[in-house]
Structure formats: structure tokens, C-alpha cells
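Written out below as C-alpha cells is the structure these notes cover.
In what follows, chains carry the letters A, B, and so on, assigned in the order in which the sequence lines appear, proteins first and then strands, with residues in each chain numbered from 1.
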Number of protein chains: 2
Amino acid sequence: MSKIRIFLVDDHQLVRDGIKALLISSDDLIILGEASSGKECFEKIAIEPPDVLILDISLPDTNGIEITKRVSVDYPQTRVLILSMYTNEDFIFNSVKAGARGYLPKNTSREELLSAIHAIYNGDEFFSDSISRIMLKSYVRKAKEDDLLPQRGPIPLTTREIEILKLFAEGYINKEISDQLDISIRTVETHKNHIMKKLELKSTVELIKYAIRNKIVEL
Amino acid sequence: MSKIRIFLVDDHQLVRDGIKALLISSDDLIILGEASSGKECFEKIAIEPPDVLILDISLPDTNGIEITKRVSVDYPQTRVLILSMYTNEDFIFNSVKAGARGYLPKNTSREELLSAIHAIYNGDEFFSDSISRIMLKSYVRKAKEDDLLPQRGPIPLTTREIEILKLFAEGYINKEISDQLDISIRTVETHKNHIMKKLELKSTVELIKYAIRNKIVEL
DNA sequence: GTGGGTTATAAGTGAAATACGTAAGTTATA
DNA sequence: TATAACTTACGTATTTCACTTATAACCCAC
């Protein structure tokens, strides 16, 4: 069985040495190399891309998220594990968005670090309990926002009006709407006028935006 | 110390009995009552709202999510714990969105159920490991989509064209745009035609949606 | 430095679409 | 049953669309 090849990026010598010390005794891992800056990191991994890249967020010349983005594109076989003292949701979200497969706080244990390395090496994601909690909080927050933003009050339109608005906001012109609903084009226009009046909208552009905001149509 | 008052909603007698059997021996809890439908549930909790409402998703006359919504508004002091055999992300998301404080699969253990009850009674959220994993997967997926959706490729428009599109998508009609930019209305029309041709858009509605998707204007 | 591509400007023209005020017939519902 | 709300419709004025043509400015390459 081949060993998991690790590359370490952290701007503190002591931290790198600490991580190495934690990993050295695991005989299914091998430390391929290390770097203290983004520049050094890219120079070295170009020679031999590792299986797992352990990244700090804050670095002298760049940050772990930028490195993650580039690595995800240029070395898709390399999986990124973020190891950071920063645990705020923005960093986590942006790391994941950039393509990180795992995120650990710096006060993690040796066992957790090893679990994380193995998990992401096997194609899974790994987030420590504390990071998971932060992500779940964010999930809950976003789920609730999902309800608050889109509609400030019920839609005060009739069934027919919503029907017209939906078709219009889907891109049909009045003639097509009148054909589909088998009514006069004038009626379609009137309905649209009523909608605009009711909602106090001044242009068809606002009408379309209203339809999107209120999920009458997809964007 | 007062006991945590529980109310059970599930359309299967056997399930309700099972849950009661699991909880009966905990002397810091008391089963206030139970219901097998939404209607019955609302009738009974109106008399004495519980601290924790344990809800099934599927019910004969409604569903747990609708009940959650109403309870969250009408009885804010009552916390909802969803206990469902359905573990797909949509149900979880919508439950949380509706105001549920916890979500457990039906194959949960007595210990986990008790932990969940105590957690949400204390104002925390509680999701079982399996549910948490589903939520985290979704978090990761959404984080990645966050980058993919907004732009599939760079905007192939000139500065002037973007300027025209921006004003149009803000709701100005051609005449107003021509006045603001101090150009002929024919020029505005020509620009708009060019934009439509370039982007292969068939209606002004699509034009507006394009502008929103590509963040040329706010929704 | 001349030709070619891109951009920004403008116009003609007929057809198509829309805006807006008005109004009649139909349901709900109080 | 009276009133409000909803759906339907038209006339006229305005606006936009679709397609074509045209000119000046600019940049870039050969």
C-alpha cells in the first residue's frame, strides 16, 4: 500500500515542526515537503503534487483560500485540508467554496488530524466537531433568512394575475400569453396594469424583479 | 425543578406508544398529551402549550412542517423537534426554515432522543449525526454553487453596452437612457439590439434576468 | 501607414408590442 | 341583494422591435 503524501504550508516554523512531529510516527503517511509562503508552496508542489495539502489560512504573501482555489484547479488530485486558528464562518465558507475538503481548528488533536487526513484522502469531507457546529449554525441561519427576505407580506394578487405575471416573467409576450390562456391580448394588458397598480410598480422591469423575488418564477 | 412538558404528534399509535415508553422512565420529563393529526394537535396544545413538541413529518391532514410554521408563530415558547423517517435534505431544510429546533431520524436511540429534548429545551439546536452529515453536505454543495452560478464565463459586452444594460435593467425606458447618456434614442436601441444578438437573448425579460444573474444590477 | 476589426454613434421604416383610461359582465360575500 | 372584487375587453397614443445602412474613432497588425 502506498503512503499518503502530505505537504505542509504554514508560516511558523514551530507549527510546521509540531505537525510533523505529530505525523512522523504514522507509517502510512509521508511528509513530502513544506513551505512558509504561497510562492514557496507553488514552486515545490509543481515538482510533485501531494495527495493532501495542509494549509494555514494566514500567510505572508497570500492566504490559504487563494492557494486552495488555485490548487483545486491546477492539481485536482490534491485535496486541501485547512488548519487554521480562525474559526469564523466566513473563512470556513470561503474555504469550502474554494474547494477545501476539510477544516480543522489549530487546537485539534493528533487523532482528529489523522482522521481528517484519511477521510479527505478517501474522497470524503472532514470537519471537526467545533467547525461542524459553526457550519450547522450557519445552515440554520440561512434557512431562516430564506423565509424572511423573499416576501415581506403575502402576495396580494389574484390567481389569474399571478398566472399572467408568471407567464410574463417567464419571457412570453402578451400575445403568447393571450393565446395560451385563450383570452384577448387586451385582457392580458389589463391584468398587467392591475398588477402594476396594486403593487405600485412603475415599470415592467420592476414587475419582473417582483416575480423573481417572490418566487413566482426562477431567475 | 419543573419537568419538561412534552407533546407527541405522530399518526401511528405504535410509534407514539414507543416514544412514550422510552421517555416514561425519565423523571425530569412529563408527557402532556399526544395527537395523531394536525387538527387534534392544535386543539390540544391550545389548552396547554408544551415546552417541546415532538413532530412527525407525514400526517393525515397536514404535515409536520406546516405545524412547525404555525407553532413557531403562535407558541414561540414551544420548541419543535422533528422525528421523521424522511432524511432528505429538502425536508430538513424546510423544517429548519419553518422554525424546528432539532431533527432526528426515527431510528434514533433513547439517549439521543433525550439529549435532543434537553438541548432544545435549553435553547440549543440538536441534529443527530446522520442529519448533521446531510446538512454539512448541503452546506458544501451550496458553498460551491455560490461560485458556479453567478457567471458562466466572462461578460462579452463592451463598457457602453453594460452601461445601457444597467440602466435598462434598473427600469429606465429607452428615452430616459438616451437623455441620461445624452445620445440618440436610436443609439440606445442599436446598443440593445447588439446586446441581444451577442447574448442570443430572445426577450427583454431574459435581458433583465441576464443583468441580475451577472450582477450588473441588484435584484 | 494602410487596411481590417471593434466600438460608439445615428437613422429609416413598417410591424409589433405596450401603456393607459374606460367599462361591461361575472362572482363572491357580507 | 347590494357591494366589492375579479375577469374580461376595447380605443388610442406611445414605444419598442427587427433589420438595414452608415460614419467617425480607435487600435492593432502587417
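Under the ring-ring contact (aromatic ring centres under 6.0 Å, His included) criterion, F93(A) pairs with Y139(B), not counting sequence neighbours. Here I31(B) pairs with I6(B), K20(B), L23(B) under the side-chain contact (heavy atoms from CB on, under 4.5 Å) rule; sequence neighbours left out. Every residue meeting the side-chain contact (heavy atoms from CB on, under 4.5 Å) condition with S132(A), not counting sequence neighbours, appears here in chain and number order: F127(A), L136(B).
Counting non-hydrogen atoms under 4.0 angstrom, T187(A) reaches a base of the nucleic acid.
Judged by the 6.0 Å and 45° rule, K192(B) forms a cation-pi pair with F168(B).
Residue pairs satisfying the ring-ring contact (aromatic ring centres under 6.0 Å, His included) criterion with at least one member in residues 68-92 of chain B, sequence neighbours excluded, are listed as follows: Y86(B)-F91(B).
By the 6.0 Å contact criterion, CD on Q77(B) is enclosed, its count of non-hydrogen atoms from other residues, nucleotides or ligands being greater than 12.
If H194(A) and I164(B) are placed on DNA chain C by their nearest nucleotide, the residue sitting closer to the 5' end is I164(B).
Annotation: side chain of K106(B) is in contact with side chain of D10(B) (closest heavy-atom distance under 4.5 Å). Annotation: side chain of L55(A) is not in contact with side chain of L83(A) (no heavy-atom distance under 4.5 Å).
Between D182(A) atom CG and dT7(D) atom C1' the separation is 14 Å, expressed in whole Å. What separates CG of L181(A) from P of dA9(D) is a distance of 11 Å, to the nearest Å.
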Review item, nucleotides 15-20 of chain D N/O atoms under 3.5 Å of protein N/O:
from    : atom 1 : to      : atom 2 : distance (Å)
dT16(D) : OP1    : N174(B) : N      : 3.2

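Think of the region where chain A sits on DNA chain C: with heavy atoms and a 4.0 Å cut, that region ends 5' and 3' at dA17(C) to dG21(C).
Remark: T158(A) is not in phosphate contact with dA5(D), judged by side-chain N or O atoms under 4.0 Å from OP1 or OP2.
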